[in-house]
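Read through the structure below, which is laid out as structure tokens, and then see the notes.
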Amino acid sequence: MPLLIVFFGIVTLLFLMIKFRLNSFVALIIVSIGVGLAEGMPAVEVVNSIQHGVGSTLGSLTLILGFGAMLGVLIAESGAAQKITSSLIKKFGIKNVQWAIVFTGFIVGIPMFYSAGFVILVPIIFTIASTTGLPLLYVGIPMVASLSVTHGFLPPHPGPTAISVIFDADITLTLIYGIVIAIPTIVLAGPLFSNFLKNIKVTPPKGLFETKALKEEELPSLSTSILTALIPVLLMAISGIFKLILPEDNPVNMIFGFLGNPVISLLLAVLVAIFTLGINRGKKVEEVMNQLTESVKSIAMILLIIGGGGAFKQVLIDSGVGDYIADLMKDSDLSPYILAWGIAGALRISLGSATVAGLTAAGIVSPLIATTGVNPELMVLATGAGSLILSNVNDAGFWMFKEYFNLSIAQTFKSWSAMETIVAVMGLVGVLIIDTLI
């Protein structure tokens, strides 16, 4: 019955948005209330759950998305994105620009949270699509595939790192195995899969990023453009390295742990960009501040919709749907890898959050490591892969991708959800192959 209620809730959500064209945020809140009540939650608890879901989701994302939008608009309107784009195209050629994007997304994605990497790279994606005339999804999917794989598979991201601790797995070995699996996964889910999306014609939302071509002499230098854009990446990378090699209470680790925090690193990048891409290029402070203000206005509805997805996720968690699914699958006789992947996948589809799904699944299957002697590092990767499958309407990432790329619900399922499923399946296949070789 709990799963049936979730199913009807999702169907109702799609019906409200597609048939009645109801605002996505309003529809998410309505369905969250309905599902919560139908699952037997008291009305007051439903409201509290929604408030907690919105607050916890936006609490972790608002600053990242806000500073990311500010940095993105400075990179885009200063011509830095155009400079990086033209250099990539010149180096790789238009035919191979996807591989340049994959490489960039992978390097950025290893140290950086998915949402932070997304908002930093998306203006470059928009500029490449605008400059080359290539379909937006053909250019964008390789980028999000790289970010998604690194988010789900590789430490120091929160999900795989926390699961490694639960399984008592070696984080460095998990990272090595993860990279081996990540490379073919990204290739299949990114450049190869995006070839099937060329017929989906979309443009970025108006006002989010205005891509106007500047003359070469008006562009900032390539070194300034890259260094300014990569400040968050560098700080997070250094922080991640120190976390692996230094004790937690080491002063250096503590300093770079602060500087490498996504919020702080993005704030510092914005402050630097205000100077390097604004004031230092002859713009007045008032003009730069107006750009920042407009950039935040453009993501206001995106934030609300993401918050609505967080509310739906929290209602599903608080109503006990996650525990119900876990109980159904924990006594299965399947391979521990497949079992961990399946439980994480079922939780991901029902709850939305990849991190919650991965951690919950890890808690359920962790006893199997001692009883079966299964490789703990591969268990981390199997669980992380399962936690990415079939992102749908209860996942904040689904709405972020949909709104930034200006897609319909159906188009988002065909592109984003399908890409995430390819990543999940490839992750499990990679785990099973490596298990036979070691």
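Predicted, not measured: the structure shown is a model, and the values here were computed from it.
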Among Leu230, Leu121, Ile125, Ile124, which residue meets the side chain to side chain contact (heavy atoms under 4.5 Å, CB included) test with Thr104?
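For Thr104, the side chain to side chain contact (heavy atoms under 4.5 Å, CB included) test succeeds with only one of Leu230, Leu121, Ile125, Ile124, which is Leu121.
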Cut-off 3.5 Å, no hydrogens considered: what does the side-chain donor-acceptor table look like for residues 238-249, sequence neighbours left out?
{"from": "Ser239", "atom 1": "OG", "to": "Phe256", "atom 2": "O", "distance (Å)": "3.2"}

Can you tell me if [X] uses its side chain to pair, donor with acceptor, with the backbone of [Y] under 3.5 Å?
X      : Y      : result
Tyr337 : Leu381 : no
Ser146 : Val102 : yes
Ser148 : Val144 : no
Thr228 : Ser225 : no
Trp341 : Ala424 : yes
Ser295 : Leu292 : yes
Ser56  : Gly53  : yes

Show the numbers, then the answer: is there a side chain to side chain contact (heavy atoms under 4.5 Å, CB included) between Ile369 and Asp168?
CA-CA 9 Å; Ile369 295 177; Asp168 196 24; over 6 Å; no
To the closest 0.5 Å, what do you measure between [atom1] ([X]) and [atom2] ([Y])?
X      : Y      : atom1 : atom2 : answer
Glu39  : Leu316 : CD    : CG    : 7.5 Å
Ile75  : Thr276 : CD1   : OG1   : 9.0 Å
Leu222 : Leu227 : CG    : CG    : 9.0 Å
Ser391 : Lys402 : OG    : NZ    : 13.0 Å
Leu271 : Leu71  : CG    : CG    : 10.5 Å
Thr12  : Ile30  : OG1   : CD1   : 10.5 Å

Sequence-distant partners of Val187, side chain to side chain contact (heavy atoms under 4.5 Å, CB included), two or more places apart:
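In terms of side chain to side chain contact (heavy atoms under 4.5 Å, CB included), with neighbours along the sequence ignored, Val187 is linked to Trp99, Leu192.
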State which residues pass side chain to side chain contact (heavy atoms under 4.5 Å, CB included) with Asn195; sequence neighbours excluded, sorted by chain then number.
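Side chain to side chain contact (heavy atoms under 4.5 Å, CB included) list for Asn195, sorted by chain: Tyr138, Lys198.
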Can you tell if the side chain of [X] reaches within under 4.5 Å of the side chain of [Y], non-hydrogen atoms only?
X      : Y      : answer
Thr203 : Leu136 : no
Thr185 : Val429 : no
Ile29  : Ile50  : yes
Leu175 : Ile171 : no
Val97  : Thr132 : no
Asn406 : Pro204 : no
Pro135 : Leu197 : no
Leu137 : Phe193 : no

Stepwise side chain to side chain contact (heavy atoms under 4.5 Å, CB included) test for Tyr177 and Asn375:
CA-CA 11 Å; Tyr177 287 155; Asn375 185 288; 4.2 Å; yes
Got a sec, which pairs hit salt bridge (charged side-chain N to carboxylate O under 4.0 Å, His left out) with one end in residues 419-434, sequence neighbours left out?
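Every salt bridge (charged side-chain N to carboxylate O under 4.0 Å, His left out) pair that includes a residue of residues 419-434, provided the two are not neighbours, is Arg348-Glu420.
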Check: Phe398 ring centroid to Phe413 ring centroid under 6.0 Å
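Yes, the ring of Phe398 comes within the 6.0 Å limit of the ring of Phe413, centre to centre.
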Who are the ring-ring contact (aromatic ring centres under 6.0 Å, His included) partners of [X], not counting sequence neighbours?
X      : value
Phe8   : none
Phe405 : Phe126, Phe401
Phe167 : none
Phe25  : none

For Glu377, enumerate each residue passing the salt bridge (Lys or Arg N to Asp or Glu O under 4.0 Å) test, keeping only those at least two apart in sequence or located in another chain.
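Salt bridge (Lys or Arg N to Asp or Glu O under 4.0 Å) check on Glu377 returns nothing, list empty.
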Show the nearest heavy-atom pair for residues [X] and [Y], with the distance to one decimal.
X      : Y      : result
Ala344 : Thr383 : CB-O, 3.5 Å
Gly79  : Pro220 : C-CD, 3.8 Å
Val46  : Gly36  : CG2-C, 3.8 Å
Ile141 : Gly190 : CG2-O, 3.9 Å
Ile181 : Met426 : CG2-O, 4.2 Å
Ala340 : Val365 : CB-CG2, 3.9 Å

Report the residues that fulfil side chain to side chain donor-acceptor pair (under 3.5 Å) with [X], sequence neighbours left out, ordered by chain and then residue number.
X      : value
Ser32  : none
Asp318 : Ser49, Gln314
Ser221 : Ser223, Thr224

Worked verdict on Asn23 versus Met301 for side chain to side chain contact (heavy atoms under 4.5 Å, CB included):
CA-CA 10 Å; Asn23 176 273; Met301 183 51 67; 3.7 Å; yes
Around atom CZ of Phe92, are there more than 12 heavy atoms of other residues, nucleotides or ligands at under 6.0 Å?
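More than 12 within 6.0 Å, yes.
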NZ of Lys201: more than 12 outside heavy atoms within 6.0 angstrom?
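Yes, NZ of Lys201 has more than 12 neighbouring heavy atoms, counting only those of other groups under 6.0 Å.
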